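Only one structure is covered here, and it is reproduced in the block below.
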Amino acid sequence: MSNAITPKNENYAQWYIDIVKRAGLADNSAVRGCMVIKPYGFAIWEKMKNQLDLMFKETGHQNAYFPLFIPKSFLSREAEHVEGFAKECAVVTHHRLMNNPDGSGIIVDPSAKLEEELIVRPTSETIIWHTYKDWIKSYRDLPLLINQWANVVRWEMRTRLFLRTAEFLWQEGHTAHATQKEAEAEAKQMQEVYATFAEQHMAMPVIRGVKTASERFAGAEETYTIEALMQDGKALQAGTSHFLGQNFARAFDVKFLNENNKEELVWATSWGVSTRLIGGLIMTHSDDQGLVLPPKLAPIQVVIIPIPKRNSAIDELAEKLTKELHLNGISVQYDTDEKQRPGYKFAENELKGIPVRIGIGNRDLEAGKVEVARRDTTSKSMMPIEGLAKSIQNLLNDIQNNLFESAKNFRKENTSYSDNFDDFKDVLNQKGGFIEAHWDGTPETENEIKLKTKATIRCIPNNQEKSPGKCVYSGKPSMGKVIFAKAY
RNA sequence: CGGGGCGUGGCGCAGUCCGGUUAGCGCACCUGUUUUGGGAACAGGGGGCCGCAGGUUCGAAUCCUGCCGCCCCGACCA
């Protein structure tokens with residue numbers, strides 16, 4: 001009823017949970033670590049999915065679907081891959097239930113044991129590369145550019161709504177190429193697609209970079225990542241694109257004949273983003289009043305609220321405006337629910353992060369104006385009815401841009417440089433955020449810093465000019481700066 | 001897996017220490033009236049195997065035993 005959202009600065013984790021629940025995005029379910037994504041949350045996911053799907057298709061990819069289950073033996077074919085995923089897999093061991101002879105309910109039928117256990121996919125490289133063996137014979141079959149939208153399961157020890165759930169929705173692209181160069185270009189291209197989506201649609205600035213060896217995807221030779229900074233100063237890995245070399249081709253014996261009739265192993269990439277992005281979206285923009293959505297991803301971009309007493313003049317204007325905005329691809333809801341008063345609706349719409357609210361009352365109509373409130377700044381202004389549809393479109397663009405600029409400013413203010421370890425620890429504990437620092441390039445130093453501070457190297461940023469210096473921890477020579485942060 | 005917390009109408013909780021009438025409150029819901037420019041008021045009403053299973057007792061939401069589940073914090077990960 002009254003604002004039940006825990007203030008951000010009081011308890012950020014609780015604030016996040018309150019937003020997810022009160023805005024109606026998702027709920028915990030009867031299954032540990034698995035969430036119910038509610039209609040409003042799913043509508044946001046659909047908007048993300050539609051845009052990403054478009055971008056994948058524009059870059060030449062096709063959708064397909066592979067099985068939920070993976071034979072256990074497949075997972076062990078690639079040594080690093082099994083090492084990375086085996087600990088967190090759900091396993092199917094039987095295929096039938098039966099009534100317990102003692103009458104106490106239903107039990108697993110012991111006679112229905114599977115010959116080979118099935119793994120519920122934690123990711124699909126293995127089943128897909130097993131399939132690719134049949135699909136790829138010639139250089140003419142390449143490149144093979146496939147994406148799948150799916151659910152996967154990783155039996156995480158600790159879960160958080162959207163950010164880390166045992167089951168989650170995602171897309172996983174799996175491509176096969178004739179040359180290393182082409183596969184690397186693909187992996188980089190998809191990193192850029194993700195970055196473009198994050199920045200232009202989510203209004204979430206990201207750093208493009210590569211992972212260090214220890215943070216790399218299990219089975220990858222290079223992991224390209226986009227890293228975002230959340231409001232509490234922690235980093236979020238928002239999307240990754242992997243150059244897999246020939247590791248999976250070797251494990252699943254996927255070879256092709258080149259133009260010279262010579263047999264070669266295929267080069268691979270894989271890349272994915274998940275419903276975690278919704279968590280990132282929340283923690284980039286939202287405030288103590290509730291969710292804040294960038295217009296491009298808001299299921300409802302504009303809500304029109306009649307100020308009682310509602311009458312035909314108000315209805316007419318609302319309907320005219322709705323039509324005009326619809327013609328321009330803007331989603332509008334005219335809230336004619338007479339049971340709730342305006343104040344209640346205002347608060348609910350703010351909670352749900354609807355970017356623009358238009359209030360139409362008789363007083364305003366007479367003056368030829370309406371009240372327009374923007375969610376990002378929570379400011380209100382009177383706008384002339386004349387040309388309103390155009391004004392609203394401009395306003396939506398403004399909000400989209402403003403959210404992105406604000407997030408960039410926040411990141412700038414919360415990015416520090418450090419060249420000695422004491423200072424590094426102080427910044428990390430007092431301020432958080434991204435810390436640029438020199439690193440000597442060794443996994444030992446990386447690990448020591450992680451043990452002492454919980455900060456990890458989020459990435460080695462792309463396109464960085466060489467800037468030799470001394471490692472923040474060891475003092476040894478360093479060829480360039482990397483980004484450290486505590487991460488989700 | 002360790003630490004903490006919690007299971008009581010749809011949601012949030014009180015009651016449990018110290019057993020005792022019909023298990024209570026706020027929100028939500030239903031009906032009606034008056035309202036309506038930032039979360040309306042009044043009146044009436046409906047809805048509960050008190051997580052599950054045993055036990056103690058004349059009597060258990062409350063005491064005892066066992067089990068189950070979920071959440072939060074940490075280590076692991078998108």
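All values derive from a computational prediction rather than experimental measurement. Just so it is clear, the values below take in all heavy atoms, side chains as well, and ignore hydrogens, waters and symmetry mates. Sequence lines set the chain letters: A, B, ... in the order given, protein chains first and strands last, and positions in each chain run from 1.
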Give the nucleotide from the list B:C71, B:G38, B:A40 with an atom nearest to the side chain of A:Lys380. B:G38
Counting side-chain heavy atoms from CB outward, which of B:G37, B:C77, B:A40 is closest to A:Pro342? B:G37
With heavy atoms under 4.0 Å as the rule, sort A:Phe168 into base, sugar-phosphate or nothing. base
Once you apply a heavy-atom cut-off of 4.0 Å, does A:Thr456 come out as touching a base, just sugar-phosphate, or nothing? nothing
Return the orientation label for the A:Phe252 and A:Phe248 ring planes: parallel under 30°, perpendicular over 60°, tilted otherwise. parallel
To the side chain of A:Lys309, which of B:U36, B:G39, B:C70 is closest? B:U36
Within this structure, what is the CZ-to-C1' distance between A:Phe85 and B:C76, rounded to whole angstrom? 12 Å
Rounded distance [0.5 Å steps], CZ in A:Phe162 versus OH in A:Tyr488: 14.5 Å
So that I know where these two stand, are A:Trp129 and A:His81 an aromatic pair - ring centroids less than 6.0 Å apart? no
Classify the nucleic acid contact of A:Leu236 as base, sugar-phosphate or nothing, counting any heavy atom under 4.0 Å across all strands shown. nothing
Can a side chain N or O of A:Asn28 be found less than 4.0 Å away from OP1 or OP2 on B:C70? no
Do A:Val193 and A:Trp271 come close enough that some side-chain heavy atom pair is under 4.5 Å? no
Base, sugar-phosphate, or nothing: which does A:Arg357 touch, judged by heavy atoms less than 4.0 Å apart? base
Contact class for A:Glu350 vs. all strands (heavy atom < 4.0 Å): base, sugar-phosphate, or nothing? base
Can a side chain N or O of A:Arg341 be found less than 4.0 Å away from OP1 or OP2 on B:U35? no
Taking atom types as they are modelled, would you say the side chain of A:Asp364 forms a donor-acceptor pair with the base of B:G37 within the 3.5 Å cutoff? yes
With a 3.5 angstrom cut-off on both distances, give the Watson-Crick or G-U wobble partner of B:G2, or none if there isn't one. B:C73
